[in-house]
Amino acid sequence: AQSVTQLGSHVSVSEGALVLLRCNYSSSVPPYLFWYVQYPNQGLQLLLKYTSAATLVKGINGFEAEFKKSETSFHLTKPSAHMSDAAEYFCAVSDQGSARQLTFGSGTQLTVLP
Amino acid sequence: DTAVSQTPKYLVTQMGNDKSIKCEQNLGHDTMYWYKQDSKKFLKIMFSYNNKELIINETVPNRFSPKSPDKAHLNLHINSLELGDSAVYFCATAQGNTEAFFGQGTRLTVV
């Protein structure tokens, strides 16, 4: 069984400040890990993914995440927050089987303050 | 062209009714999914459908039934709708090692 824990359901940062959204996973097999972003009344858009290649993954809009097996973590960071980053962020894990069903964390609402 | 499209975007209906949500993809992916997002924004897999193999999340009531007329479509039929079915339903697709691509969602409100 797989699970994802996102610490902090709400995170607020000032514009220009570092963004850090935390994600820890549990998986009995080597996982694939994803970060998705959801803007209001929109679907989910992929930010980045880890699929057992490089442990530091760069995504769209300046986001990146680092896979740390020893810590079972996949935290999302961005050096400088922009107002347009305000959204809901979801960390997800899938196995490497044919179904590749995603198990999502509970989400983190990011607010960017002017 | 939208890669994964769902219709309708909004659906308001009365308890006890039967309704369907349609999903179409033009990505040529083999696997399609339905996810449910509840009022607290929690996302949970309902079904995955891969080359005619259906994998069902055991917590989904049997009032929900996916139907795939062809590889590009996966519709969701819901019988005897209940208030607790109100949610946003997302269709998604994937192929091989690619990430899942999501539709824009269907917001279902049962009154």
Side-chain angles (χ1 to χ4, degrees), chain A residues 1-6 8-11 21 23 30-54 57-60 63 65 74 86-111, chain B residues 2-10 21 23 25 27 29-60 66 74 87-109:
Chain A
Q2 299 173 303
S3 66
V4 175
T5 302
Q6 290 184 239
S9 58
H10 291 84
V11 171
L21 304 183
C23 173
Y32 285 176
L33 293 159
F34 307 83
W35 275 100
Y36 282 87
V37 60
Q38 185 179 28
Y39 298 101
N41 299 315
Q42 298 287 319
L44 282 82
Q45 180 182 5
L46 181 74
L47 280 177
L48 48 81
K49 62 181 178 181
Y50 167 78
T51 56
S52 73
V57 180
K58 294 187 183 298
I60 63 171
F63 285 94
F74 191 57
E88 188 86 22
Y89 291 80
F90 293 95
C91 182
V93 62
S94 78
D95 60 29
Q96 298 181 27
S98 61
R100 300 196 192 285
Q101 296 179 352
L102 291 168
T103 300
F104 284 91
S106 54
T108 298
Q109 177 69 47
L110 176 66
T111 300
Chain B
T2 303
V4 183
S5 60
Q6 296 179 228
T7 54
K9 188 171 183 179
Y10 300 96
I21 306 171
C23 178
Q25 57 112 346
L27 298 170
H29 289 173
D30 282 336
T31 308
M32 298 184 73
Y33 310 86
W34 280 106
Y35 286 85
K36 178 181 180 180
Q37 186 174 43
D38 64 21
S39 58
K40 296 184 179 180
K41 296 191 176 180
F42 186 68
L43 281 150
K44 193 168 185 179
I45 183 74
M46 299 178 71
F47 305 100
S48 65
Y49 204 89
N50 183 343
N51 289 327
K52 300 185 180 180
E53 179 188 8
L54 176 64
I55 300 174
I56 301 173
N57 183 321
E58 63 273 12
T59 67
V60 176
L74 181 64
V88 181
Y89 293 85
F90 286 100
C91 177
T93 72
Q95 174 79 26
N97 290 331
T98 67
E99 67 275 15
F101 290 79
F102 284 79
Q104 293 298 293
T106 295
R107 183 174 295 276
L108 172 65
T109 303

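Everything quoted here is computed from the prediction, not taken from an experiment. Chain letters run A, B, ... following the sequence lines, proteins first and then strands; every chain starts at 1.
Of the inter-residue distances, the one linking A/Leu47 atom CG with A/Lys58 atom NZ reads 14.0 Å to the nearest 0.5 angstrom.
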Exercise for the section: In sequence, state the C-alpha distance, the side-chain angles, and the governing distance for A/Leu21 and A/Val11, and then conclude on side chain to side chain contact (heavy atoms under 4.5 Å, CB included). Expected result: CA-CA 8 Å; A/Leu21 304 183; A/Val11 171; 4.0 Å; yes

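The candidate with the highest count of non-hydrogen atom pairs below 4.5 Å against chain A, out of B/Leu43, B/Ile45, B/Asp30, B/Val4, is B/Leu43. By number of non-hydrogen pairs under 4.5 angstrom with chain B, the leading residue of A/Leu46, A/Thr103, A/Asn41 is A/Leu46.
Of the two parts of B/Ala100, the backbone and the side chain both hold a non-hydrogen atom closer than 4.5 Å to a non-hydrogen atom of chain A. In this structure, chain B has a heavy atom under 4.5 Å from the side chain of A/Gln38, while its backbone stays farther away. Using a 4.5 Å cut-off between heavy atoms, A/Gln42 contacts chain B through both its backbone and its side chain. Residue contact with chain A, scored on non-hydrogen atoms closer than 4.5 Å, involves the side chain of B/Tyr35 exclusively. Proximity to chain A (any heavy atom under 4.5 Å) is shown, for B/Gln6, by neither the backbone nor the side chain.
Judged by distance alone, with hydrogens and angles left aside, the side-chain atoms of B/Thr106 form a donor-acceptor pair with the main-chain N or O of B/Pro8 at under 3.5 Å.
Every residue two or more places apart in sequence or in another chain was checked for a side-chain hydrogen bond (donor to acceptor under 3.5 Å, both in side chains) with B/Gln25, and none qualifies. Evaluation of the side-chain hydrogen bond (donor to acceptor under 3.5 Å, both in side chains) rule for A/Thr108 yields A/Gln6 as partners, not counting sequence neighbours.
The aromatic rings of A/Phe104 and A/Tyr36 sit tilted relative to each other, their planes meeting at an angle between 30° and 60°.
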